[in-house]
Amino acid sequence: MTPKKRITDAKWQAKNFDRIGCKLYKADAEAFRAYAAAHGETVNSLLRGYVAQCLGRPLERRGPAPSPPGGDGKEEQDQ
């Protein structure tokens, strides 16, 4: 990926995504990571599932890493 594409992607993501976090004691965070791994999930996928459950609807999905405006979509996307 070219440096220009990285910058363009970063700007698009900053405009279209938001992060939500919480503080946990390290032992609790590690226990949750272990729980996720034991169930074949990631922490992110478990938390996204819980958010969808709370909202009562699926979360927005727009397909694989959309190309920001000006991107040709032909370059590989880092995921």
Side-chain angles (χ1 to χ4, degrees):
M1 183 181 299
T2 67
K4 184 176 180 180
K5 175 81 166 114
R6 287 181 205 270
I7 291 169
T8 304
D9 284 357
K11 286 181 182 178
W12 186 89
Q13 288 181 6
K15 179 181 173 185
N16 291 282
F17 288 97
D18 201 356
R19 288 187 182 269
I20 297 175
C22 66
K23 285 186 181 181
L24 298 173
Y25 284 103
K26 289 185 180 202
D28 294 332
E30 189 54 42
F32 189 64
R33 285 187 196 99
Y35 173 88
H39 289 85
E41 297 281 348
T42 63
V43 168
N44 190 59
S45 68
L46 287 174
L47 293 175
R48 287 179 56 86
Y50 182 68
V51 169
Q53 180 183 352
C54 290
L55 296 177
R57 63 171 173 79
L59 298 180
E60 289 187 39
R61 282 215 187 272
R62 297 184 181 164
S67 292
D72 63 6
K74 294 180 183 174
E75 296 179 38
E76 285 188 41
Q77 299 286 324
D78 287 343
Q79 297 219 359

Can you give me every donor-acceptor pair (side chain of residues 18-29, partner residue at least two apart or in another chain, under 3.5 Å) with its distance?
none

Checking S45 now: which residues fulfil side-chain hydrogen bond (donor to acceptor under 3.5 Å, both in side chains) with it, not counting sequence neighbours? E41, T42
Identify, with sequence neighbours excluded, every residue that meets side-chain hydrogen bond (donor to acceptor under 3.5 Å, both in side chains) alongside Q53. none
Other than L47, what residues sit in its cluster of Ile, Leu, Val, Met, Phe, Trp and Tyr side chains whose heavy atoms are under 4.5 Å apart, directly or through others? F32, Y35, V43, L46
Which residues, ordered by chain and number, are linked to V51 in its hydrophobic cluster, where ILVMFWY side chains connect at heavy-atom gaps below 4.5 Å, directly or through other members? L55, L59
Minimum heavy-atom separation for R6 and M1, please, with both atom names. CG-SD, 3.4 Å
Nearest non-hydrogen partners of P58 and A52, listed with the distance: CA-CB, 4.4 Å
With sequence neighbours excluded, residues passing side chain to side chain contact (heavy atoms under 4.5 Å, CB included) with K15: none
Residues forming a salt bridge (Lys or Arg N to Asp or Glu O under 4.0 Å) with R33, sequence neighbours excluded: E30
